[in-house]
Amino acid sequence: MRRTKTPIIGIAGGIASGKSFITGHLKRMGAAVVSADEAAHEVLELEEVKREAQQRWGDAIFGADGQIDRKALGQIVFAPPPDGPLEREFLERLTHPRIGEIIRRQIIELAEQGSAAAIVLDLPLLFESGWNKICDKIVFVDAPRRLRESRAKERGWSREEFARRETVQQSPETKRELADVVIDNSGSPESAQAQIERFWPSLIDSSAPG
């Protein structure tokens, strides 16, 4: 994909670092957000995806509404080896190309509209999927592991589940080194917002140094 005139900002960080909070504030400042999570929801509602998922995992992964229960699916694909990695690989083959197409289409549409100050990519696998290559700037959302584990626990995750999910992603340390801007999200929301507002002019100016 060719670069757009609208700056593209990638959001990176460890699990439960607060990427969604930072993304939400960028949106309030005039950015448009492309979310892998929302794209994944859309893909999991496709009839052909539900059909293949049912053939693989049966009816147990479906809720009463007939849609795939993401929590039940997550328990399968993030299970310990050897089963978890094999099931996750199948899910990725099934969904990632479709998710990628939705993301690509949204970026193109937003760029053509040209009304947003920036396009923010909120993608957990930003580096692993190669989307970082089209970004003008990368923002790393930083928070210590203990705090992130605490936040994940509030989501209902065990420490073991947190660790398994984090191991399938590039390490937070590597992401931090590859970023242009680091936001410390270990303090108050006001502190994080102040940092975003300070960095905002350089984020929407693709020619500015990171």
side-chain contact (heavy atoms from CB on, under 4.5 Å) between Ile102 and Gln106, worked out: CA-CA 6 Å; Ile102 292 173; Gln106 290 179 348; 3.6 Å; yes

Test log, rule side-chain contact (heavy atoms from CB on, under 4.5 Å), inputs Gln169 and Leu125: CA-CA 7 Å; Gln169 296 187 16; Leu125 301 177; 3.7 Å; yes

Worked verdict on Val181 versus Leu203 for side-chain contact (heavy atoms from CB on, under 4.5 Å): CA-CA 9 Å; Val181 168; Leu203 291 175; 4.0 Å; yes

Candidate pair Trp131 and Ile107, rule side-chain contact (heavy atoms from CB on, under 4.5 Å), full reasoning: CA-CA 11 Å; Trp131 287 106; Ile107 292 172; 4.0 Å; yes

Verdict with reasoning, Asp37 to Arg70, per salt bridge (Lys or Arg N to Asp or Glu O under 4.0 Å): CA-CA 11 Å; Asp37 193 57; Arg70 296 183 67 181; 2.9 Å; yes

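At least one side-chain heavy atom of Glu161 sits less than 4.5 Å from a side-chain heavy atom of Arg164. Looking at Leu91 and Trp57, their side chains come closer than 4.5 Å, going by heavy atoms from C-beta outward. For the pair Gln170 and Leu178, the minimum side-chain heavy-atom distance is below 4.5 Å. Here the side chains of Gln193 and Phe21 are in contact, with some heavy-atom distance below 4.5 Å.
Considering every non-hydrogen atom in both Gly114 and Thr6, the closest pair reads CA-OG1, 4.3 Å. Contact between Arg155 and Ile15 at its shortest, heavy atoms only, is NH1-CG2, 4.4 Å. When every heavy atom of Ala31 is checked against every heavy atom of Ala116, the shortest pair comes out as C-CB, 4.5 Å. In plain terms, the two heavy atoms of Ala79 and Pro85 that are nearest each other are O-CD, 4.0 Å. The shortest heavy-atom contact between Cys135 and Leu121 is SG-CD1, 3.9 Å. Nearest heavy atom pair, residue Phe140 against residue Gly14, reads CE1-N, 4.3 Å.
Both Phe62 and Leu46 belong to a single network of hydrophobic side chains, linked directly or stepwise wherever heavy atoms of I, L, V, M, F, W or Y lie under 4.5 Å apart. Grouping the Ile, Leu, Val, Met, Phe, Trp and Tyr side chains by contacts below 4.5 angstrom, directly or via other members, places Ile103 with Phe127. Both Val49 and Ile76 are members of a single hydrophobic cluster when ILVMFWY side chains are connected at heavy-atom separations under 4.5 Å. Linking Ile, Leu, Val, Met, Phe, Trp and Tyr whenever their side-chain heavy atoms come within less than 4.5 Å puts Ile183 and Val33 in one cluster. Put simply, Ile119 and Ile134 are part of the same group of oily side chains (I, L, V, M, F, W, Y) that touch within less than 4.5 Å, one to the next.
Annotation: Glu38, atom CD; neighbour count of heavy atoms from other residues, nucleotides and ligands within 6.0 Å does not exceed 12. When the shell of 6.0 Å around NZ of Lys50 is examined, it contains more than 12 heavy atoms from other residues, nucleotides or ligands. No more than 12 heavy atoms of other residues, nucleotides or ligands lie within 6.0 Å of CZ in Arg159, so this atom counts as exposed by the packing criterion. Counted within 6.0 Å of CZ on Arg146, heavy atoms from surrounding residues, nucleotides or ligands total 12 or fewer; the atom is thus considered open.
Here the CD1-CG distance, from Ile9 to Asp136, works out to 8.5 Å after rounding to the nearest 0.5 Å. Remark: Gln75 CD to Ile61 CD1 distance equals 12.0 Å, nearest 0.5 Å. Rounding to the nearest 0.5 angstrom, the gap separating the OG atom in Ser191 from the CG atom in Asn185 is 8.5 Å. Interatomic distance, CD1 of Ile196 versus CZ of Arg28, reported as 8.0 Å (0.5 Å rounding). Atom-to-atom distance recorded for Ile204:CD1 and Met29:CE is 8.0 Å, nearest 0.5 angstrom. Here the OG1 atom belonging to Thr23 is positioned 4.5 Å from the CD1 atom belonging to Ile11, to the nearest 0.5 angstrom.
Under 4.0 Å is where a charged nitrogen must lie from a carboxylate oxygen, and between Arg176 and Asp142 at least one such pair does. For Glu48 and Arg51, the salt-bridge test fails: no basic side-chain N is under 4.0 Å from an acidic carboxylate O. Using a 4.0 Å cut-off between a side-chain N of Lys or Arg and a carboxylate O of Asp or Glu, Glu166 and Arg145 qualify as a salt bridge.
Applying the side chain to side chain contact (heavy atoms under 4.5 Å, CB included) test between Val120 and each of Leu26, Leu110, Ile22 identifies Leu26 as the sole match.
Ser171 and Thr174 share a side-chain donor-acceptor pair at under 3.5 Å. Residues Asp184 and Ser186 bring a donor and an acceptor atom of their side chains to less than 3.5 Å of each other. For the residue pair Trp157 / Glu149, no side-chain donor-acceptor distance below 3.5 Å is found, with atom types taken as modelled. Using a 3.5 Å distance cut-off with no hydrogens or angles, the side chains of Gln54 and Asp59 do pair a donor with an acceptor.
With Asp180 contributing its side chain and Ile138 its backbone, the two residues share a donor-acceptor pair below 3.5 Å. Of the possible donor and acceptor atoms, one in the side chain of Lys137 sits under 3.5 Å from a partner among the backbone N and O of Ser202. Under the 3.5 Å distance criterion, the side-chain polar atoms of Arg148 are left unmatched by any main-chain donor or acceptor of Ser17.
In this structure, Arg56 satisfies the cation-pi test against Phe90, with its NZ or CZ atom closer than 6.0 Å to the six-membered ring centre and inside 45 degrees of the ring normal. Geometrically, Arg165 engages Phe78 in a cation-pi contact, judged by NZ or CZ lying under 6.0 Å from the ring centre and within 45° of the ring axis.
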